[in-house]
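See below for the structure under consideration.
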Amino acid sequence: MSETTQSSDSYESAANRAERVAEFEQHNRGFVGRLQHILHLNPSFVPLIVLLGSILMFGLLLGSKFFSPFALTLILQQVQIVGIVAAAQSLVILTAGIDLSVGAIMVFSSVVMGQFTFRYGLPPTIAIACGLAVGTAIGALNGWLVARVKLPPFIVTLGMWQIVLATNFLYSANETIRSQDIEAQAPLLQLFGAKFDVGGAVLTVGVVFMLILVFVLAYVLKHTAWGRHVYAVGDDPEAAELSGVNVKRTLIQVYALAGLICAFAGWALIGRIGSVSPTSGQLANIESITAVVIGGISLFGGRGSILGTLFGALIVGVFTLGLRLMGADAQWTYLLIGLLIIAAVAVDQWIRKVSG
Amino acid sequence: MAEDRGTPLVELNDISISFGGIKAVDHVSVDLYPGEVVGLLGHNGAGKSTLIKCLSGAYQKDSGEIRIRGQKVEINNPRDARAHNIETIYQTLALADNLDAASNLFLGREITTATGLVDDAAMEAETRKIMARLNPNFRKFSSPVSALSGGQRQSVAIARAVYFNAKILIMDEPTAALGPQETQMVAELIQELKRQGLGIFLIDHDVHQVKALCDRAAVMKNGKLVGVVNVDEVSTDDILAMIIAGKKPEHLAA
């Protein structure tokens, strides 16, 4: 923000201290205060720096093998599914909730899209609409249980994860719909996998969808009353309610929207792997939470940016590809991701302490 | 006396509310006229905050009725209360800590542009205007309210209550976090709002403050109404006696 605001801020904090230490303290508090101020206004700042730093590091270590349009867009393709699911997860975590059922909703929605087309012979557009509706409905049910029945989000979505996954296997009879069949009879299901080349960079519809989704959500969260209510509900639901925010409705909308986004992820999943497989995407819930946490969104709710989540997902993608190109054991990736998660939460706590 | 002033702004008639078998408010009736300040007094747990939360929509009464300007109304949530121009300053302030002053002031009632987007510039400008009146030293417009001092937070909560043209104002210990100077400012604000014809319920622990600011005082004990007195007709000792003993002094009992 403006220089005047910052200097008046440090002025005031300095004025509150004893005269003797004012000079030293003002300088010190000024720097920490300013850093805290920047981090508060731009919560995606830290993950962005980590992302650019890791791209630079692997670029220096691997040269053009990594630092090429092809390799960098390959990262986008590899993180698109997690990126979309993590956008849904971000919404829920901003309300101080958590959604463990995101992966299950994604897979089940893709199975509905596939089975409705191939088992019942519905036109792919109708089948896709049904899949999106199913995802939204499951999300809304999560939201209803959290908001109206007042059950903890962790428990609701832990249960829903099992229920949806079991339904997924029972309904699909564990049957995979082959890529060739989809390609021949219902290519619309693979829409998100369509590739186009932009000067060596290979993008897919899924990648473009992920990027547009994140930017639209970021805009909505920042510039609409609804977005502000989402933050307020995560911050302090009681204060939000007393301020006139309809907390229950906001929560149900958030979980329903998360369900819808997961269903879109299910559609994108068919594009990514080609087939409809009820066993795919098993780690999506944990990977999405990882992206959200590394992206700097507070698990306590009410603070963070969905752009950070995108950076968080890309950081994981950069490390995964970079280390693979270096020929390192895949376990090193997990080890580093684990360190990043703990470091990200430590930074979050630090921001809370300084601002508190 | 009641006839002189026409219809009361607020009538709380025979309100009861209990939590798990404990009667927090037990058949209490209080009214409030335009341009009047009614103080609510009592020990902690006497039921004054609970009574007032039935009016602000934070709690739902079990029985009894609420009338606004003579009309029976149902208040099921804080949004209903606002629709009747009832604004509340809660003891807990009810601020969202990570949002800044302007976002808190307009939370739930954001100023939006023609395209439905929030107009942050307009909200900050309005916030600066009202804060210039309430707390001229306030400068932290871009900080989250968690970074503000107790007095600054309190002034944000007060600004929110008076900004939206309230007709009925509920103040639950509005000066609890304030220094003497700021307390004086709130006292002046109450006088000004009173002149504008607002009805104010003021919950306060300070008997002297109630005597100075209020027209009438309603004293509660253990969920029951001990009595309502005109503050000009009683001494602070009389009021204290009502709070402690739970009954009207002899010379007022008739």
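What you see is a predicted model; the values in this text were computed from it and never measured. Every chain is numbered from 1, with letters handed out A, B, ... down the list of sequences.
- Interface summary for chain A: among B:Thr92, B:Leu117, B:Asn104, the most heavy-atom pairs under 4.5 angstrom belong to B:Leu117.
- Open room surrounds CD on A:Glu238; 12 or fewer heavy atoms of other groups in view lie less than 6.0 Å from it.
- No more than 12 heavy atoms of other residues, nucleotides or ligands sit less than 6.0 Å from atom CZ of A:Phe154.
- A distance of 14.0 Å separates OG1 of B:Thr112 from NE2 of A:His223, quoted to the nearest 0.5 Å.
- When heavy atoms are compared at a cutoff of 4.5 Å, B:Leu95 approaches chain A solely by way of its backbone atoms N, CA, C and O.
- Of the residues considered (A:Ala240, A:Gly227, A:Gly234, A:Ala225), A:Ala225 shows the highest number of contacts with chain B, using heavy-atom pairs under 4.5 Å.
- Highest contact tally toward chain B, considering only A:Val220, A:Val233, A:Asp236, A:Leu242, is held by A:Leu242 [criterion: heavy-atom pairs under 4.5 Å].
- Using a cut-off of 4.0 Å between Lys/Arg side-chain N and Asp/Glu carboxylate O, B:Asp120 and A:Arg228 are scored as salt-bridged.
- Under 3.5 Å, the side chains of B:Arg109 and A:Ser243 contain no donor-acceptor pair of N or O atoms.
- Under a cut-off of 6.0 angstrom, the local environment of CD1 in B:Ile22 is sparse, with at most 12 non-hydrogen atoms contributed by other residues, nucleotides or ligands.
- Of all heavy-atom pairs between B:Arg79 and A:Asn246, the closest is NH1-CA, 3.3 Å.
- A:Glu241 touches chain B through backbone and side chain together, each having a heavy atom under 4.5 Å away.
- Here A:Asp235 contributes atom CG and B:Asn98 contributes atom CG; the two are 4.0 Å apart, rounded to the nearest 0.5 Å.
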message = Walk me through whether A:Thr224 and B:Val118 qualify under side chain to side chain contact (heavy atoms under 4.5 Å, CB included).
response = CA-CA 5 Å; A:Thr224 67; B:Val118 290; 5.5 Å; no
